[in-house]
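Structure first, commentary second.
When reading the values below, keep in mind they use all heavy atoms of this one structure, side chains included, and skip hydrogens, waters and symmetry mates. The shown structure was predicted, so the numbers you read here are calculated from the model rather than taken from an experiment. We name chains A, B, ... by the order of the sequence lines, and we start the count at 1 in each one.
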Amino acid sequence: MRVGARAVDDYTARVLDVVDSIPAGRVLSYGDVAEYLGEGGPRQVGRVMALWGGGVAWWRVVHADGSLLAGHERKAIRHYEDEGTPLRYPADGGTPRIDMRRARGFG
DNA sequence: GTGTTGACAATCA
DNA sequence: CTGATTGCCAACA
C-alpha cells in the first residue's frame, strides 16, 4: 500500500542510485535516467537532482544536447577533465559541452 | 480545481 | 547555430 512519504521517496532513491552507478568518464541525460528507470520524466529527474543531487555525482547528469548545468559549469568541467570525460570545445572558446556521441550511456 | 514553473526533450523554421 | 513550439510529469500558489 505505499502511503505516506518516506524520508526520501522511492523514486528519489532510485534516481540517486542510477546516478551513483554512472562510471567516471561517462554521463547520462535526464531523459536517459528517466527512461532507464522506466517511470517519471526528464523534469522529475531534474527535480530530484536539484534537491538531492548534492549527494551524488550530479555532474554526470547533463542535458540531452550535452550542455552543462547552468551555474555549475565551472565545477562540472573540472570534474570532466579530471575523469577524462570527452568534451567538445567550441572554436570561439565558449562554454564546452559534453561529446554525447561518446560519453552518453554506461559504455 | 486551475494556472504557472522547472537542473528537460524532440521537432521545426 | 538560435529561437519558438509542443509534449511531458510533478510541485506549488
Starting at [atom1] of [X] and ending at [atom2] of [N], how long is that distance when rounded to a whole Å?
X: A:Leu69; N: B:dA7; atom1: CG; atom2: P; result: 10 Å
X: A:Leu37; N: B:dC8; atom1: CG; atom2: P; result: 17 Å
X: A:Tyr36; N: B:dC8; atom1: OH; atom2: P; result: 22 Å
X: A:His63; N: B:dA10; atom1: NE2; atom2: C1'; result: 15 Å

Can you check whether A:Ser29 has a side-chain N or O nearer than 4.0 Å to OP1 or OP2 of B:dA9?
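Answer is yes, contact under 4.0 Å.
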
Once you round to the nearest 0.5 Å, how far does [atom1] of [X] lie from [atom2] of [Y]?
X: A:Glu83; Y: A:Arg78; atom1: CD; atom2: CZ; answer: 11.5 Å
X: A:Tyr80; Y: A:Glu73; atom1: OH; atom2: CD; answer: 10.0 Å
X: A:Leu28; Y: A:Arg60; atom1: CG; atom2: CZ; answer: 10.5 Å

Would you call the rings of A:His79 and A:Trp58 parallel, tilted or perpendicular if under 30° counts as parallel and over 60° as perpendicular?
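Answer is perpendicular, since the angle exceeds 60°.
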
At under 4.0 Å between heavy atoms, how does the protein contact nucleotides 1-12 of chain C? Give one character per nucleotide, 5' to 3', with B, S or -.
S-----BBBSS-

Going through the checks in order, is the side-chain contact (heavy atoms from CB on, under 4.5 Å) test met by A:Tyr11 and A:Val45?
CA-CA 9 Å; A:Tyr11 187 68; A:Val45 175; 3.6 Å; yes

Given the P atoms of C:dG7 and B:dA7, what is the spacing between them in whole Å?
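The same atom, P, in both gives a distance of 22 Å.
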
Using a 4.0 Å heavy-atom cut-off, does A:Ala64 contact any base of the nucleic acid, only the sugar-phosphate backbone, or nothing at all?
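If one applies the 4.0 Å heavy-atom cut-off, A:Ala64 turns out to touch the sugar-phosphate alone, with no base involved.
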
Stepwise, does the side-chain contact (heavy atoms from CB on, under 4.5 Å) test hold for A:Arg104 with A:Ile98?
CA-CA 9 Å; A:Arg104 194 176 192 184; A:Ile98 303 287; over 6 Å; no

